[in-house]
> 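Quick one: structure below, then a few questions.
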Protein chains: 2
Amino acid sequence: MTCLLLNATERAQLAMMLEVSAFPKPGNVDRCHDYPETRLEHFLASTIFARSALEEAEHGKGRIGEIIKHAVRDTNCHKGGNTHFGAFILLIPLVYGKDIDGAKVAIAKTDVSDAVAFYKAFAMTSVRINAADELDVNDPHTLTLIRDRDMTLLDVMQHSAANDMVAREWVTGFRLTRRGADLLRESGAGRESIVRTFLTLLATEPDTFIIKKHGLATAQETMLAARDVLDGRRSAEDLDAECISRDINPGSIADIVIASIYIALGEGWSWDS
Amino acid sequence: MTCLLLNATERAQLAMMLEVSAFPKPGNVDRCHDYPETRLEHFLASTIFARSALEEAEHGKGRIGEIIKHAVRDTNCHKGGNTHFGAFILLIPLVYGKDIDGAKVAIAKTDVSDAVAFYKAFAMTSVRINAADELDVNDPHTLTLIRDRDMTLLDVMQHSAANDMVAREWVTGFRLTRRGADLLRESGAGRESIVRTFLTLLATEPDTFIIKKHGLATAQETMLAARDVLDGRRSAEDLDAECISRDINPGSIADIVIASIYIALGEGWSWDS
């Protein structure tokens, strides 16, 4: 028996759960590593609490911006801070549209109300964007600006795409999500495949969460280090230890891997090796 | 913010997730230890897949025996074998009745149809009871016997109570579940409290899953070893390593701890330290 008859909500929850359990995932919370404030069980609890918002997306109940806000509201009740905000930005449209093509149709239909709801969701998280950004979430004028310019949520993502690889997925038609799903299917079933996909994306794409925190040079250094792990010149455990000691956590690539697992599960990839 | 507004289904899912993530839990699958065939992600996936059956219990849709069968059917689709059968025997009536008093009322109302559904669920699992038992699940005459004697599911549990501490919970009014919930609340918030509760029950109650597999002497030896850990004469990690090497896994106490976490969460105990 395999679990092929999962609905989109269950696939999304399974994707969130599998991603955080996979190890060793250099720098991120995983089965064998917590951050002081954010622990494995915060991510797992968030997986459970996200169900209601994911079901809204699956059944098309409401608009995407509002549903992202619900997901943040429902998963923000623990002390672990932001756990899956980036993942929801990807999963909600994907679940809403069922797959990448459907998600592209859905995000093209977002309007200013989605953008406003999204910024309200953003304000609920502990994620802080570059203060130099004119759409700064901390600035009360941001909502006025969005309304005045009649920006859609896709416009907001377009605005953020240069500096945020999660937002960029909306603009590029989920390019890296697609690539991660292909990597999973090529790497075979089970959790080793998730680790390999994570490392491959880490070796080929500068993680924008690392860039925001430590600058481009550190992100590029991490890419080279991930390449060393893939080529067997270094162990994943060793890179993990270095990332942890330097507080380097590739959180955006983790978000994309979650979206990739969701897509791969829908295409018959098996998590159960 | 805390997550106090969880419904019964979410509390049950959270209980399953917190129990398996807690570590070090001597002998069982935990955050840092898999069995070759049964891994952390099997338990976590089962937590997600159990939702539909838990919601049936929460909303009183259908009878308890049938709902236990649904829980087993929906969580049996992975390759990890039986993950939460014992937990469902406790959680389904607890969620159905909301708390221990409600569960006692609910199990008193079970009839022969519940017993029949339960045995069908049992047959779907890889759990095997003592072949000498006249209610052997492998014996096709068992269902005839249950029907002929008009046994309720509570009768079946009464029959099994001597050799199975999970079944015994039905008969004793969830005595150990209650004790575990009290221990959790006394030990304070968070996962250390779960480990302490697990060890305390392990030190004071012979685990019937160990007895079935290795005999009473091994179960008693494990109790003394757990006492040594509680008294600081031995590390939990050391006992864990010994249990793993000897294939001693206190699976029934783990099931009871899940039920205890469910009850404690409903009484305001915080998982989030």
Side-chain angles (χ1 to χ4, degrees), chain A residues 1-7 9-23 29-34 36-52 54-55 72-81 124 126 189-192 194 261 265 270-273, chain B residues 1-7 9-23 29-34 36-52 54-55 72-81 124 126 189-192 194 261 265 270-273:
Chain A
M1 263 187 295
T2 49
C3 305
L4 288 177
L5 295 173
L6 302 177
N7 61 37
T9 295
E10 289 166 330
R11 287 202 305 275
Q13 289 186 289
L14 197 56
M16 293 162 74
M17 179 278 277
L18 291 169
E19 191 282 326
V20 77
S21 306
F23 80 105
V29 169
D30 64 22
R31 181 169 173 174
C32 295
H33 176 248
D34 290 330
E37 310 269 293
T38 311
R39 303 188 303 274
L40 178 70
E41 58 259 42
H42 291 126
F43 280 87
L44 293 174
S46 166
T47 299
I48 295 172
F49 302 157
R51 182 183 60 79
S52 157
L54 290 168
E55 283 189 338
V72 171
R73 175 198 66 196
D74 294 347
T75 59
N76 232 5
C77 62
H78 57 65
K79 298 179 188 161
M124 283 191 250
S126 54
R191 66 180 168 203
E192 292 76 16
I194 296 173
I261 297 172
L265 285 170
S270 172
W271 59 277
D272 195 5
S273 57
Chain B
M1 261 187 297
T2 49
C3 306
L4 287 178
L5 294 173
L6 302 178
N7 62 36
T9 295
E10 289 166 330
R11 289 202 304 275
Q13 289 186 290
L14 198 55
M16 294 163 73
M17 181 277 277
L18 291 169
E19 190 281 327
V20 76
S21 307
F23 80 108
V29 169
D30 63 21
R31 181 171 173 172
C32 295
H33 176 248
D34 290 329
E37 310 269 294
T38 310
R39 304 188 303 273
L40 178 70
E41 59 259 43
H42 291 125
F43 281 88
L44 294 173
S46 168
T47 299
I48 295 172
F49 301 157
R51 182 185 59 80
S52 160
L54 290 167
E55 284 189 337
V72 172
R73 175 197 65 196
D74 294 348
T75 58
N76 233 4
C77 62
H78 57 66
K79 298 179 188 162
M124 283 191 250
S126 54
R191 65 179 169 205
E192 292 75 16
I194 296 173
I261 297 172
L265 285 170
S270 172
W271 59 277
D272 195 6
S273 57

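Numbers restart at 1 for each chain; the letters A, B, ... are given by sequence-line order, proteins then strands. All values reported here derive from a predicted model rather than from experimental measurement.
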> How many angstroms lie between CH2 in B/W271 and CD1 in B/I261, if you round to the nearest 0.5 Å?
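One gets 12.0 Å once the value is rounded to the nearest 0.5 Å.
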> Once rounded to the nearest 0.5 Å, what's the spacing between atom CD of B/E41 and atom CZ of A/R191?
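Separation between the atoms: 4.5 Å.
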> Which answer fits B/L44, side chain, backbone, both or neither, if we ask what part of it has an atom under 4.5 Å from a heavy atom of chain A?
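Contact with chain A: backbone and side chain both.
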> At a heavy-atom separation under 4.5 Å, does A/L40 approach chain B through its side chain, its backbone, both, or neither?
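Both backbone and side chain of A/L40 come within 4.5 Å of chain B.
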> Need one label for A/D30: side chain, backbone, both or neither, based on atoms under 4.5 Å from any heavy atom in chain B.
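It is the backbone, since no side chain atom gets that close.
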> Calculate, to the nearest 0.5 Å, the distance between atoms NE2 and CZ belonging to B/H78 and B/F43 respectively.
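Here the interatomic distance stands at 8.0 Å.
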> Are the side chain of A/N76 and the backbone N or O of A/M124 linked by a donor-acceptor pair below 3.5 Å?
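Indeed, once roles are kept as given, a pair shorter than 3.5 Å links the two residues.
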> Considering only heavy atoms, which portion of A/T47 lies under 4.5 Å from any heavy atom of chain B: side chain, backbone, both, or neither?
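When you check distances to chain B, only side chain atoms of A/T47 fall under 4.5 Å.
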> Pick from A/H42, A/Q13, A/R51: which one has the most heavy-atom pairs with chain B under 4.5 Å?
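Highest number of pairs under 4.5 Å: A/R51.
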> Treating B/S46 as the side-chain partner and B/T75 as the backbone partner, does any N or O pair qualify as donor plus acceptor under 3.5 Å?
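No.
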